[in-house]
Amino acid sequence: MRLEFSTKVSLPDREKADCIAVAVFEGERLSASAAALDRASGGQIRALLRSRDLEGKPGTTRLLYRVPGVTAERVVLVGMGKEKQVGAKEYRDGVRAAVSAIRETGAAQACLYVTEVAVADRDGAWKARHLAVVADETLYRFDQMKSDKADARPLAQIALGVASRREMRPVTLGLDAGRAVASGVALARDLGNLPGNICTPEYLAEKALQLGKQFRLAVEVLERADMKRLGMGSLLSVAKGSRQPPKFIVLRYGGAGKGARPIVLVGKGITFDSGGISLKPGAEMDEMKFDMCGAASVLGTLRAAAEMKLKLNLVGLIPATENMPGGAASKPGDIVKSMSGQTIEILNTDAEGRLILCDALTYAGRFEPQLVIDVATLTGACVIALGHVCSGLFANRDALARELLAAGEDAWDRAWQLPLWPDYREQLKSNFADLANIGGRPAGSVTAACFLSSFSGKYPWAHLDIAGTAWKSGKEKGATGRPVPLLASFLMRRAKR
Ligand code: BES
Ligand code: MN
Ligand code: ZN
């Protein structure tokens with residue numbers, strides 16, 4: 001069931017929704033809507049703040065029932081921090097907390113008065129878009145594989161209450177974008193969360209075909225024989241050890257004229273990464289079902305772009321395969337020939353992501369792209385370097401890197417640039433082939449990116465290493481849908497939306 005969003009001009013004290021939410025700030029400061037409730041109730045809200053039951057810290061909430069003078073049965077007060085210092089993080093934490101608090105009640109519909117809060121350097125459309133993305137993310141549950149769909153809370157409709165007709169337009173436009181991004185994120189999360197025995201290369205291809213039907217994308221699925229004909233020896237060397245046939249998925253979205261050169265998105269689609277003959281240790285190996293999150297984010301981003309009808313031409317490329325050990329699997333020391341003609345010595349079969357991406361990057365050249373971005377859960381070293389806060393970003397053009405960093409800030413799905421200097425290339429030298437597929441322990445994410453850069457042709461190219469951001473481990477284990485928000489922002493800005 002999808003959450004529905006709408007906008008309306010509404011007075012908080014007269015609003016008939018099951019639940020309303022208004023913002024309060026540190027130092028007993030009230031937002032305009034909280035002040036309206038305070039007046040209607042004869043000072044109830046201020047009294048509560050004075051008693052210090054709610055201090056206004058970002059992400060804290062209080063739920064009140066049947067406030068005198070207020071029509072809605074439930075009122076959620078949500079703290080957003082210091083009134084003059086509400087940034088993207090405080091705003092998003094506030095929205096998340098408000099939506100969680102509402103969800104815990106029996107309310108089926110709610111009206112939130114939060115777009116009136118001033119957020120540094122962000123406008124009404126931004127606030128509405130982020131509200132939709134954060135609310136949808138908060139209510140997301142993955143229970144496809146559970147017999148009991150335990151979570152039957154009724155919250156299904158969220159309205160954004162604004163004070164005047166003038167505010168309707170930007171908020172409505174922001175919500176439209178937010179809905180599209182949220183559905184892209186949800187798609188990426190669903191695909192990521194599905195287990196490897198269900199989400200196989202074939203399953204990804206089927207999902208791509210479905211998406212194509214739904215959003216008028218041209219979808220083509222290349223089979224092993226096609227890949228052989230194309231000379232994708234590197235990609236095929238990874239697929240050799242698996243019983244699951246590999247698929248190379250090509251999706252095309254034409255939102256601009258025929259002449260416009262496309263933006264190509266490439267997503268790593270390893271549906272399970274056992275490491276191959278260089279077998280991974282057993283602990284947390286289940287999490288390697290998430291090794292197709294790059295592919296999932298490409299599908300999610302294409303979905304969002306198509307839903308927004310962005311005036312761009314886009315191509316999605318997904319090399320999809322398992323990485324398994326077995327009698328037919330590639331062995332350390334094997335040498336393979338990539339589609340580019342370069343030979344690669346496979347010193348570690350667990351460095352397989354780059355082996356499938358390199359052929360996809362060569363294939364990308366066929367589309368005469370204006371630029372190419374690949375997205376991959378590529379290196380554990382990226383998690384060591386940057387943790388789970390931001391994705392690693394590499395680019396062969398600085399302007400493209402800056403554009404992606406800015407898109408990440410806008411989407412609050414941030415990235416951090418790491419170097420691609422030729423100095424690191426030394427580490428990829430092989431005694432037997434044109435290059436080796438690993439560069440030793442130092443700067444593992446950089447040498448992986450350097451490897452890819454040998455295949456990125458002449459076009460502007462960027463690489464996002466999402467190993468630390470694509471999913472969460474531990475109690476909250478699950479796919480995050482990142483970097484769909486970043487990529488969607490990037491494309492929206494390119495399409496001047
Ligand atoms: N899919 C992994 C990267 C990964 C590992 C992401 C752990 C998130 C958490 C990738 O295919 C891989 O195994 N990389 C190796 C490369 C090494 C053999 C050079 C790694 O990071 O250990
Ligand atoms: Mn691996
Ligand atoms: Zn992998």
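For the numbers below, each heavy atom of this structure counts, side chains included, while hydrogens, waters and symmetry mates do not. We count ligands from 1, going down the list as the structure has it; atoms in each ligand are counted the same way.
Of all protein heavy atoms, the one closest to atom 14 (N) of ligand 1 is L378 O, 3.5 Å. For atom 16 (C) of ligand 1, the nearest protein heavy atom (residue, atom name, distance) is R354 NH2, 3.9 Å. Nearest to atom 9 (C) of ligand 1 among the protein's heavy atoms is M288 CE, 3.7 Å.
Using 4.0 Å as the threshold, F451 has no heavy atom nearer than that to any atom of ligand 1.
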Practice task
Let me see the working for R2 and D136 under salt bridge (charged side-chain N to carboxylate O under 4.0 Å, His left out), right down to the final yes or no.
Solution key: CA-CA 8 Å; R2 292 225 53 102; D136 203 67; 2.9 Å; yes
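Between N348 and ligand 1, no N or O atom pair is found at a separation short of 3.5 Å.
Shown are the protein N/O/S atoms under 2.8 Å from the Mn ion (ligand 2), given by residue and atom: D273 OD2, D350 O, D350 OD1, E352 OE1.
Within a 6.0 Å sphere centred on CD of Q144, heavy atoms belonging to other residues, nucleotides or ligands number more than 12.
Salt bridge status for E220 with R252: present, with a side-chain N to carboxylate O gap under 4.0 Å.
Seen from the Zn ion (ligand 3), atom OE2 of E352 and atom OD2 of D273 lie 90° apart in angle, a value rounded to 10°.
Residue K280 approaches ligand 1 through these ligand atoms, each under 4.0 Å from one of its heavy atoms: 12 (C), 13 (O).
The part of D273 lying near ligand 1 is the side chain, judged by heavy-atom distances below 4.0 Å. For K268, every heavy-atom contact with ligand 1 shorter than 4.0 Å involves the side chain, none the backbone.
Atom 22 (O) of ligand 1 is never approached by the protein to below 4.0 angstrom, counting heavy atoms only.
Comparing A351, C382, G380 by heavy-atom distance to atom 17 (C) of ligand 1, the nearest is A351.
Between the Zn ion (ligand 3) and K268 there is an N/O/S contact shorter than 2.8 Å.
Side-chain atoms of K127 and V114, non-hydrogen and from C-beta on, never get closer than 4.5 Å to each other.
Cation-pi geometry between R189 and Y140 is met: under 6.0 angstrom from the ring centre, within 45 degrees of the axis.
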